[in-house]
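The structure under discussion appears below in the form of structure tokens.
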Number of protein chains: 2
Amino acid sequence: MNNKNVDIYTIAEHAGVSKSTVSRVLNNKDDVSETTREKVIDVIKELNYKPNSSAKGLATQKTKTVGLVVSEITNSFFSMFVKGAEDKAMEENYNIMLANSNWVVEEELKCIRMFEEGRVDGILMISGGGDDLLNDYLNNLANKDIPLIVVDRKINNQLIPKINVENVKAAYEGTKYLIELGHRKIAFVKGDDIAASDASIDRVKGYRKALAENDIDTEIIEPGFFEREGACFATEKILKNHPDITAIFYASDMMAVGGLKALKEAGLKVPEDVSVLGFDDIELAKIIDPALSTLRQPRYKMGYLGMEKLIDKLEGRPKEVYEDDISFELELIERESTAPVKR
Amino acid sequence: MNNKNVDIYTIAEHAGVSKSTVSRVLNNKDDVSETTREKVIDVIKELNYKPNSSAKGLATQKTKTVGLVVSEITNSFFSMFVKGAEDKAMEENYNIMLANSNWVVEEELKCIRMFEEGRVDGILMISGGGDDLLNDYLNNLANKDIPLIVVDRKINNQLIPKINVENVKAAYEGTKYLIELGHRKIAFVKGDDIAASDASIDRVKGYRKALAENDIDTEIIEPGFFEREGACFATEKILKNHPDITAIFYASDMMAVGGLKALKEAGLKVPEDVSVLGFDDIELAKIIDPALSTLRQPRYKMGYLGMEKLIDKLEGRPKEVYEDDISFELELIERESTAPVKR
DNA sequence: CTGAAAGCGCTTACAG
DNA sequence: CTGAAAGCGCTTACAG
């Protein structure tokens with residue numbers, strides 16, 4: 001049971017072969033005779049040998065691990081990405097090095113630098129930022145040798161494959177859905193426009209487009225800053241200035257939850273008095289009462305695919321597999337918080 | 001900007017010293033003259049040198065990374081542990097290798113084996129299990145050379161430091177709190193008794209103890225299996241068999257949320273008609289309406305402390321720092337779901 | 001305070 | 001199909 005000091009040489013000795021041969025069976029090279037292979041494998045099991053990955057890493061110049069930087073692991077929005085990425089990595093026998101940036105650019109940079117120290121073959125970023133300094137740094141990385149894939153973040157570099165989401169289209173369809181339900185006075189609670197991902201900006205665009213197409217010109221947009229409290233205030237304000245509203249579309253579920261609270265406090269019932277539509281489909285959306293109708297982001301899939309592309313790249317698989325950007329569509333999930341407008 | 005091929009030797013050449021000296025300044029050894037040190041540092045910066053950690057790992061037999069195995073990263077209950085652990089690791093300049101076990105023992109074992117391959121100096125487990133096979137394996141690990149710390153899980157091995165939580169006491173105090181509010185008909189919704197951590201069993205104990213001390217003999221215990229739906233059913237059953245109930249204590253917040261739903265459907269108001277007390281203080285507890293009163297588990301702290309102990313051990317710091325088990329107390333958080341009993 | 005040399009545990013041409 | 005040897009990029013006694 002003791003694997004202290006049992007190295008490839010020990011195995012070689014016990015099996016009566018050379019280190020080279022042991023290495024060959026370890027790496028499944030096919031030019032080894034069946035008998036030697038079996039002998040070696042037996043010894044490996046018997047001695048409970050575990051290869052030393054530092055040594056292997058040094059020799060091969062690969063670590064078989066990828067770095068994952070995430071804005072906030074505690075946020076269920078991100079942890080689903082991580083899970084997808086992790087599952088794919090496991091499948092391919094890659095390890096994951098985790099780093100949390102806490103939304104701050106300096107920490108994001110710190111994480112990346114850490115990863116650069118040879119400990120990681122490539123990096124998958126699922127993270128806010130949008131900061132110029134960081135973008136420069138990422139561009140540099142991409143121009144050097146360390147493969148990088150970016151999920152849910154805009155960045156201007158052809159060399160960096162990106163995985164995004166059709167924000168404009170989703171918001172357009174969400175709004176259209178509300179309109180088809182008969183709503184004409186629809187408010188939109190956006191995030192902050194400076195946000196890295198342009199998510200809020202694009203969603204506002206979609207909302208506007210749907211209104212325009214349907215000749216609705218009451219456009220009511222209020223910022224909720226992607227926060228529960230912020231959305232609470234925004235909702236109060238909307239209610240005060242536009243009491244005839246019949247639906248509110250929030251640019252995130254978390255904001256919708258804040259809105260639900262404000263609506264309740266104002267004595268309004270959802271969806272009887274006002275319909276509420278969220279965005280994201282976080283865990284909470286189906287737990288809260290009333291359950292939120294929302295646009296589902298395929299976060300697990302995005303993480304999974306991001307990792308897949310990264311590994312494809314690392315393994316030198318054909319370029320077509322990973323070089324294109326991908327943009328996912330969101331799915332409209334109807335639950336209890338939306339209903340046809342009352343006449 | 002290109003760091004391809006710049007190694008310690010390149011630095012040495014440019015600085016006009018030997019590799020040994022470069023290594024010394026890299027490792028902050030004090031026996032280097034100030035002038036050479038500065039010279040070397042300049043070159044390092046100029047050439048944007050990043051040490052190769054595989055090489056370093058091979059030479060020192062340390063990787064400066066720890067493995068973290070978690071049952072389910074997507075669960076906010078766990079992600080707070082991870083965050084605490086991560087923060088501490090960052091502080092100490094350790095890397096974290098993440099593995100998700102998806103609650104299944106085989107995957108847990110797979111993760112650990114992966115970690116054993118020299119890639120990790122120690123392991124922090126925050127994970128379910130309780131399986132015999134796994135326990136044996138962990139015992140073996142502990143008896144070998146790879147340091148291991150276990151959070152929120154019982155295991156019989158003096159060599160493995162454990163970080164736990166005072167479940168009996170917390171449930172006792174939660175129940176007492178309800179009793180002091182005037183409740184005498186208090187139901188308890190437990191998890192499943194076979195669960196790894198004995199959490200449910202201990203919490204039932206605490207509940208019973210409080211009842212006994214206060215001469216209450218209506219003991220109503222129903223299993224909710226630590227699931228929302230399960231708790232929903234349990235609540236319905238309780239309501240049917242004991243309509244005179246005035247409070248329900250759930251062994252987890254998630255179950256309390258399920259309970260809230262069942263109560264609402266039964267036309268009961270919380271806390272006016274029945275008080276609801278949760279356990280854990282997950283994110284959701286303060287978001288849901290009414291906000292849940294609950295017993296707060298210091299998950300961040302537990303993760304942080306677990307990592308701290310592990311690193312203390314790895315760094316060979318004095319044994320007293322890490323060898324003892326630790327058991328955290330839970331804090332009672334009063335929110336909106338509990339109130340004095342109506343007369 | 002500094003350098004030469006051996007060694008950490010693997011892989012990989014090269015030769016046979 | 002197999003072995004001997006060099007090399008991956010560091011660290012660390014040892015000597016001076």
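This one's a predicted model, so the numbers in the text were calculated from it and none came from an experiment. Naming convention: chains lettered A, B, ... in sequence-line order (proteins, then strands); numbering from 1 in each chain.
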- Query: So, the side chain of Ser23(B) versus the backbone of Lys19(B): is there a donor-acceptor pair under 3.5 Å, distance only?
  - Reply: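 Absent.
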- Item | Under 3.5 Å: donor-acceptor pair, side chain of Asn27(B), backbone of Lys29(B) |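 Answer holds: no.
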- Message: Under 4.0 Å from OP1 or OP2 of dC10(C): is there any side-chain N or O of Ser53(A) that close?
- Response: no
Just the rounded figure in Å: distance from [atom2] of [N] to [atom1] of [X].
| X | N | atom1 | atom2 | result |
| --- | --- | --- | --- | --- |
| Lys50(A) | dC10(C) | NZ | P | 13 Å |
| Lys56(A) | dG7(D) | NZ | C1' | 17 Å |
| Leu26(A) | dG9(C) | CG | C1' | 11 Å |
| Asp7(B) | dG7(D) | CG | P | 14 Å |
| Lys19(B) | dA13(D) | NZ | P | 16 Å |
| Tyr9(B) | dC10(D) | OH | P | 13 Å |
| Leu58(A) | dG9(D) | CG | P | 7 Å |
| Arg37(B) | dC1(C) | CZ | P | 9 Å |

- Task: Kindly check if the number of other-residue, nucleotide or ligand heavy atoms within 6.0 Å of NZ (Lys39(B)) is above 12?
- Result: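 Count over threshold, so yes.
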From [options], nucleotide with atom closest to [X] side chain:
| X | options | value |
| --- | --- | --- |
| Ile8(A) | dC8(C), dT11(D), dC10(C) | dC10(C) |
| Asn52(B) | dC10(D), dT2(D), dC8(C) | dC10(D) |
| Tyr49(A) | dC10(C), dT2(D), dG3(D) | dC10(C) |

- Query: Should stems be defined as at least three consecutive Watson-Crick or G-U pairs with both distances under 3.5 angstrom, which of them involve DNA chain C?
  - Reply: C:1-3 with D:14-16, C:5-12 with D:5-12, C:14-16 with D:1-3
What is the nucleic acid contact for [X], judged by heavy atoms within less than 4.0 Å: base, sugar-phosphate only, or nothing?
| X | value |
| --- | --- |
| Ser23(B) | base |
| Lys29(B) | sugar-phosphate |
| Ser20(B) | base |

- Message: I'd like to know if Glu92(B) and Lys64(B) make a salt bridge, using a cut-off of under 4.0 Å between side-chain N and carboxylate O.
- Response: no
- Message: Between Glu34(A) and Arg37(A), does any side-chain N to carboxylate O distance fall below 4.0 Å?
- Response: yes
- Query: Considering heavy-atom distances to DNA chain C, does Val32(B) or Gln61(B) have its closest nucleotide positioned more toward the 5' end?
  - Reply: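 Final value for this comparison: Val32(B).
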- Is there a side-chain contact between Ile311(A) and Arg317(A), using heavy atoms and a 4.5 Å cut-off?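 They are in side-chain contact.
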- Note on the structure: Note: for Thr21(A) and Ala59(A) on DNA chain D, the residue whose nearest nucleotide lies more 5' is Thr21(A)
- Task: Could you please spell out the steps behind the side chain to side chain donor-acceptor pair (under 3.5 Å) verdict for Thr63(A) and Asp121(A)?
- Result: CA-CA 6 Å; Thr63(A) 58; Asp121(A) 295 338; 3.0 Å; yes
